[in-house]
Peer 1: 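Before we start, here is the structure in question, set down as structure tokens.
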Amino acid sequence: VSDRRLLVMDDAEVRIFLGSQRVACVAGQGPNGLTGGRATYVVDGDAMLLEIIGNRLDFDLDRQAKVCISVDTYPSHDEIKGVVVHGTATWEGPRTLRVAIERVVSFDFAKAASP
Amino acid sequence: VTDWSRQSLSWRIPGEGANTRGVLFVSTANGPPTGWPFMLRQIDGALWCTTYRSSAKMPQIRHADRAVAVLFEHENDPAPFSVVEGRVEVVEPTNELVSRWIGLSAAAVVEGRGGRVADRLLRGKRVFLRLVPDHNEEVVT
């Protein structure tokens with residue numbers, strides 16, 4: 001794909017895509033540096049509510065409140081679709097994270113085949 | 001914690017040369033994390049992928065000395081998954097590396113994708129990224 005700008009989803013497409021999925025990868029600052037894991041999520045207005053899987057993630061949000069969330073699907077190479085969300089996180093429970101969606105990077109490879 | 005000098009990568013990660021879905025995260029120069037989904041392959045105990053040399057992610061990857069890869073089998077299953085942490089490097093393609101990369105992806109070559117990527121590697125449009133692990137965790141539940 002030569003021009004990545006052609007693959008970008010608009011806001012409505014991003015919202016529909018995020019609403020169609022339920023599992024994300026997430027990374028943030030841990031006590032010993034960058035750390036990551038997986039989470040289930042729901043979209044709540046302009047935020048994402050993440051339920052962290054397992055108990056390994058210990059984001060130090062006082063030190064770095066920004067996290068990065070990636071949701072992507074790969075039915076085939078030409079149909080890869082993904083959204084990467086950057087936002088500010090707050091704990092809402094021991095494993096529940098609220099992330100205010102502040103910046104989004106998206107790609108939909110199927111757009112490359114569109115006329 | 002895995003002792004990489006004595007063990008291969010996680011049993012959750014497909015064997016040598018097989019693709020696995022994952023997201024590569026790094027810390028940006030001003031602190032916040034960023035990341036990109038990749039297909040990664042295990043070669044010689046490290047995780048490899050390729051990207052365009054001119055892509056927007058390259059300055060951030062070149063700046064980062066460490067990366068975290070979250071690897072998973074199925075996008076709709078929260079678990080199991082693996083987390084691999086280590087040093088991230090940009091590796092310039094050589095004929096030997098590209099040949100090995102192609103050889104490890106016969107299916108993609110047959111479909112024409114391996115050939116295209118290989119061509120772009122050999123012409124310098126794409127580079128390899130290599131994550132050399134020093135820490136690995138698996139989450140099953």
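Order of the sequence lines fixes the chain letters, A, B, ..., with proteins taken first and strands second; residue numbering starts at 1 for each chain.
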Peer 1: Strictly below 4.0 Å, N to O, side chains only: are B/Lys125 and B/Asp119 in salt-bridge contact?
Peer 2: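 B/Asp119 and B/Lys125: not salt-bridged.
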
Peer 1: Could you check whether B/Thr34 and A/His86, counting side-chain N and O atoms only, form a donor-acceptor pair closer than 3.5 Å?
Peer 2: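 Yes.
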
Peer 1: Please look at A/Val26 and chain B and tell me whether the side chain, the backbone, both or neither of the residue comes under 4.5 angstrom of a heavy atom of that chain.
Peer 2: backbone

Peer 1: Go through the atoms of A/Thr73 and report whether side chain, backbone, both or neither lie under 4.5 Å from a heavy atom of chain B.
Peer 2: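 Both backbone and side chain.
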
Peer 1: Considering only heavy atoms and a distance below 4.5 Å, find which of A/Ala65, A/Gly36, A/Gly28, A/Cys68 pairs most often with chain B.
Peer 2: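 With the most close heavy-atom pairs to chain B, the winner is A/Cys68.
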
Peer 1: Is A/Arg15 salt-bridged to A/Asp46, going by a charged N under 4.0 Å from an acidic O?
Peer 2: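 Salt bridge flag = yes for A/Asp46 with A/Arg15.
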
Peer 1: Name the member of A/Gly37, A/Ala24, A/Gly54 that forms the most heavy-atom pairs with chain B at distances under 4.5 Å.
Peer 2: A/Gly37

Peer 1: If we define contacts as heavy-atom pairs under 4.5 Å, which of A/Lys66, A/Arg38, A/Gln21 has the most with chain B?
Peer 2: A/Arg38

Peer 1: So, B/Thr28 and B/Asn30: side-chain donor and acceptor under 3.5 Å apart, yes or no?
Peer 2: yes

Peer 1: Determine whether the aromatic ring centres of B/Phe25 and B/Trp36 lie less than 6.0 Å apart.
Peer 2: no

